[in-house]
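Each chain gets a letter, A, B and so on, in the order its sequence line appears, and its residues count up from 1.
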Amino acid sequence: MANILLREKDIPGIGQYDTYVQHGGYDGLKKALGMKPDEVIQVVKDSNLRGRGGAGFPTGMKWSFVPKTEGPKYITVNADESEPGTFKDRQILEYNFQQLLEGSLICAYAVQASAVYIYARGEFWDIGPHMEAEIEKARKAGWVGQNIGGSGWGCEVYVHLGAGAYICGEESALLNSIEGKLGQPRVRPPFPAVAGLYARPTVINNVETLANVPQIIVQGAAWFKSIGTEKSPGPKIFCMSGHIEKPGNYEFPLGLTFRQLIEAAGGVRGGKKLKAILPSGASGPLLPATDKVLDTALTYEDVAALGSVLGSASVIILDESTDMVWATLKMARFFKHESCGKCTPCREGTYWLLKRLEAIYAKKATPADVQLIEDVAKQMQGKSLCALGDFATSPVMSALKYWRDEFLAYTQPQKPAPAKAGKDKVVAGGD
Amino acid sequence: MTDTVRLIIDGVVHQVPKGANLVDAAKMVGNDIPVFCYHPKLAPVGMCRMCLVELGQAGIDKDTGAFQLDDKGQPAIRWQPRLATACTTVVTDGMAIKTTTPQVTEARDDIVEFLLTSHPLDCPVCDKGGECPLQNLTMRHGPGESRFLYEEKQHLAKHYPLGDLIYLDRERCIQCARCTRFQEELVGDAVLAFHERGRRLQIVTTSNPPFDTYFSGNTTDICPVGALTTADFRFGARPWELTGVPSICPHCPVGCNVSASTRLDRESGGKIVVKRIMPRQNESVNEIWICDKGRFGHHHSRHGERLTQPLIRQGGKLVPATWDQALALIAEKISAADGDVGAIAGGMVSNEDLWELRQVVENAHGGKDHKSLGVYPYRLSGAEWVAKVGLSKGSNFGQMGKGTTIVVIASDLSEEAPIWYLRVKNAADRGAHLITLNARPTELDRFAKSKLKISYGGEIAALKSLTEKPEVKDAANVVIFVGGEGLDRAGHATLMQGAASVLTSTGHAGKVNNGLIGVWAGANTQGAFDLGYSSEATESLLNKRPAVLILADADIVAEDAANVSLLAHREGKFTVVSEMFLTATAAQADVVLPRQSFVERDGTVTSGERRVQRFYTAQTPLDGPRPDWKVFAEINRLRTGSKPKLSAAAVMKEITEKIAAYKGLTYAELGKVNKQFPDVGGDDPYYGGTAYENKGGLGVQWPTEADQGKVPSVSMPAVGKARKLESGELLIVPIVELFDRKPAFAASAPLLHSHVPAPYVVLNSGDAKTLNLVDGDKAILSSGGVEGEYTVRVDAAVPAQTALVARNLNLKSPTPAVPMVGSIRKVEVVASHV
Ligand SMILES: Cc1cc2nc3c(=O)[nH]c(=O)nc-3n(C[C@H](O)[C@H](O)[C@H](O)COP(=O)(O)O)c2cc1C
Ligand code: SF4
Ligand code: SF4
Ligand code: SF4
Ligand code: FES
């Protein structure tokens, strides 16, 4: 089957405006402009497209929340892509950018937005000029700016680079970041659909989500639903990394199994035994390599039934050589580093978890500490302001669920003497 | 009642105001949900997660509006799986919360434990200890023992100066953002911000000079831990040693309610001493805020240079005397003056003092005339318009918003009355239509819907144009602040009339949240007007000084050098000065009487909103000084044999009998307190902070004539002739700086001295160019025969041929109190001194 998202595999240069147009580019937008905005939303609703940014929220429904009021409305394309092991959006931005642009413009038309902000993580600075050059080409062709395709409706497109913060992928922190404010999530309500960017109605969608849209409009909802499963239709890019023979992005219809996916990526590196899978980067719970897991279909609902999440489908493979304490520690370090610090459980909890995990890994802890990190993680759950606080608990909770022994093996029955008396460590004050 | 909705708290149905959030709503019905980041004066942010509750919604029968019931006959409630933050949840009808379940209690315990992992818990040496939200909630929810290792705690700067007034203890900060939000939302100066992220998140100042605001002290009150402390009080005392004594700030006409924290102080020889000034809640006056002048400006009461003995001029020198000698001499001089006696009172002379002083003057005039009673400074006038159409009784800036138009003319409220500035700004944020009419840019312009630039002298024309503006004509409410910038006394009186005319002609007099406010110079200038003192009298007293002139807290020399010669000419003249310090005026006196400071005595003052308010004795008085009312009463006794009253309360009682507007305003009445919302100062400092509960009285606003149904018809005064300046002449316009060098302030707060600018003059860039002056130059300003040296500031926004000069910065060469024509010349550097 031809790739729908990773089209450059079939058509080199599809990311360039001319090539894109030669292969049917902007037919979707053209068609959409001939429809009423609500009809466009209805097609997307009917297609059952679900958000590819992690939460799997139905895209058409999200668009329909935008009120039909006067005044500016905005689309923000979430290209922050900072989840460990996630590198799918980057490939679209680099090699299939026009398709994303067209999808964003269709979305903008559907909600009658006047501007699209593409928020890309700071590390994508090198793709910035490419995106801007392609936007200019589309503008010259009349797809960006005023009176698009003679419809009377106009829309601007801006590229905004972040400063390298995972939390700015969280939609409301992303909005703050665009506004030039501290990258911290906002409380909801109000939801972005009502008061988002600059307090105006805003749709926030992932890059991959929007890249699906042109073909949905061209080929129809039924076509899209014929791909994948009933509840999780459509193609999906799977980011394969870790102990895998052929790491990289793979596009498949949703619904293939973990086993099939691993095989497609060449199997576990060096023919080693599989130990664990992280289906969604660091933020989804670890899964053990059981047959049950391996034979589970990669859909939103099936992975959820295993107690994990499909998320952005950034699948990290861990083979038998993996030290789970080490792996957990690494993830804890990531979350401690990325916590924005706005709310108490996450700010303090990620710090605490890291401190104790470091002690365990350094063999300076007791079994009570293993219990403690589980308690601390539990204590964090369900109390944070945004999802990062919960994400931060999942490596710890899932690792302890399946590999508790490994943690205990690091501990000593007696509490080791503290390294130094606390007093010596006091850092001089500011005066 | 349609304004309330049903909220089920732990199974009990309550009626709570619509639109309230769950924390406030629960609080109103007696359920305290603990909070750290939420503050009732700030928009909720849901950061600390302390206020988590179980949240649900009761089913409501669409037809009857009654709750659908479960099989136990209780409202059937659908509970959400996750805990919700009460502070960010707005109540809707039928909302249900649980606040006592194990899940909620555990969540609170968990959050406190998390906060304590970073917090040093150094309560024993923390200024907040004893009135600290975190300490209190730790006692209630904290784990008995820490599961967090002390060695793993972060160690951060403990005395980080955010500015020179406020210190930050970075270990104690719990990242609640109350301080940053206060500055951003309420003050409109985002001079504090978070830096970094995660556990490294910390407060920094983003302004230069650092923490640049007049309101910084308030952040220490609302900081829910001891992270922010004032340089003034840090390590000064423990909260439980302190007794809060209700008082009123003496520095400006807002009349902020304050609480003087006092203790028996060993360092002060076992006397009761004021250790700090804290805001005292009065939602109609200052809410829970005070400015930094009010907070830090109390040290003059214990200053080493206070006068403690009466002084009598002998052989050209002032020498110490006893009270008996001094008062006998004064009585004798008054008796000899044959009615040629007058008095001038400054801004912080209490109503009681004013009343007894008035008796002195009236007795000298045979018991009647009080035309010889002046207020100081005397550039503002027109108080009769306040008596007619002043801000209506019951008005409250805290309740103004959409529909209200607020006009500020000829005044820079941020310098002249900071809390009015704050409250007007917030009313504008809530939708009030703010119009500023000034000849130069002011801070409030940032929040104004229209900024009308006027020329000095163009005030009446500008007011006239207001009557036609739909925002004034059609507004539900109109409030007008009339300042005196660029005006002399007569000009101000005319402007007050003009403002009264705008109000009456547009039908905005006599209704709550409508009326006129004079931006008076002193804390009790309004009281002085009420008790028969006037600017006109001052003017004539200074033009033709009486044989005996009594000056109470009126430093007339410091504000007008011409007065030196007025007083120095002693032939047949006698000057009595009542002061705390040996001011330039006192130095010219024949008798100097040492006054008491506001914390050493009790009394009442009347704010610019006509609110008569009580202040109480807080500090052991210095040996020597006496309250003015007692001194003046004694002079009367010596002269007439009248029986002096025994207390300030008794004097006030007489005022209530003699002054119609003050009828009924006895100490008992003024001391009354009603329940206020938000409910601060109780057992839960986590809610409102350390602003104090009001136990001293909310005061009473006296009613205007319009309030009593007598709305006068007021004509708009004619537009006056524009002042003509010759080329080379400048109009010298005195302006107000909040932090100045008046003794009662300058002696007060050495801490603030670096915030008091050197004497300066602001010139238009064109004028500066012509005069060959650049920013930073030194220049000599001459007017009315007086010269002074000033640093030049150049500002394109200042009108041409105008020199703005801040008053009371240069006490050696005084700045005029009213606009004058003058000239300026550059200081030529003749020789450099090495
Ligand atoms: C901590 C955190 C990081 C996130 N990072 C990203 C991201 O990098 N890219 C993304 O598309 N969505 C990210 N999300 C999800 C977004 O908040 C949002 O749900 C998504 O962009 C919606 O788009 P979709 O409906 O198309 O999936 C993140 C969420 C959280 C809580
Ligand atoms: S959960 Fe973490 S990342 Fe999210 S708001 Fe709270 S501190 Fe910030
Ligand atoms: S300094 Fe105080 S008010 Fe400011 S964030 Fe820290 S704890 Fe909150
Ligand atoms: S605003 Fe005026 S009354 Fe209030 S504290 Fe400041 S100086 Fe005092
Ligand atoms: S989250 Fe509600 S009080 Fe802080």
*For residues A/Asp375 and A/Gln371, is any side-chain donor paired with an opposing acceptor at under 3.5 Å?*
yes
*Tell me, yes or no, whether the heavy-atom count around A/Lys330 atom NZ, taken from other residues, nucleotides or ligands under 6.0 Å, exceeds 12.*
no
*Relative to chain B, which of A/Arg186, A/Lys336, A/His337 shows the most heavy atom pairs under 4.5 Å?*
A/His337
*Could you label the plane-to-plane angle of the A/Tyr119 and A/His160 rings as parallel, tilted or perpendicular, counting under 30° as parallel and over 60° as perpendicular?*
parallel
_A/Leu182 portion near chain B, given a 4.5 angstrom heavy-atom threshold_ = side chain
_Choice from B/His195, B/Arg147, B/Arg170, B/Arg197 maximising heavy atom contacts with chain A below 4.5 Å_ = B/Arg197
*asked:* Testing the 3.5 Å rule here: is there a donor-acceptor pair between the side chains of B/Asp189 and B/Ser207?
replied: no
*Heavy-atom proximity to chain A below 4.5 Å, by part of B/Arg82*: side chain
*Atom group of A/Gln184 that falls short of 4.5 Å from chain B, counting heavy atoms*: side chain
_Can you tell me which portion of A/Thr350 sits under 4.5 Å from chain B's heavy atoms? Options are side chain, backbone, both or neither._
neither
_Between B/Glu196, B/Gln154, B/Arg200, who has the most heavy-atom pairs with chain A when the cutoff is under 4.5 Å?_
B/Gln154
_Most contacts with chain A, counted as non-hydrogen pairs under 4.5 angstrom, among B/Lys153, B/Met50, B/Glu113_ = B/Glu113
*Go through A/Glu348, A/Arg188, A/Glu358 and name the one with the most non-hydrogen pairs under 4.5 angstrom from chain B.*
A/Glu348
*asked:* Can you confirm whether the side chains of A/Glu83 and A/Ser283 place a donor and an acceptor under 3.5 Å from each other?
replied: yes
*Which bit of B/Leu115 is near chain A, if near means a heavy-atom gap under 4.5 Å: side chain, backbone, both or neither?*
both
*asked:* Which atoms of A/Ala165 are under 4.5 Å from chain B, going by heavy atoms: the side chain, the backbone, both sets, or neither?
replied: both
*asked:* Is any side-chain heavy atom of B/Thr205 closer than 4.5 Å to one of B/Ile166?
replied: no
_Any donor-acceptor pair under 3.5 Å from A/Ser384 side chain to A/Cys386 backbone_ = no
*Can you find a side-chain donor-acceptor pair between B/Arg234 and B/His159 that sits under 3.5 Å?*
yes
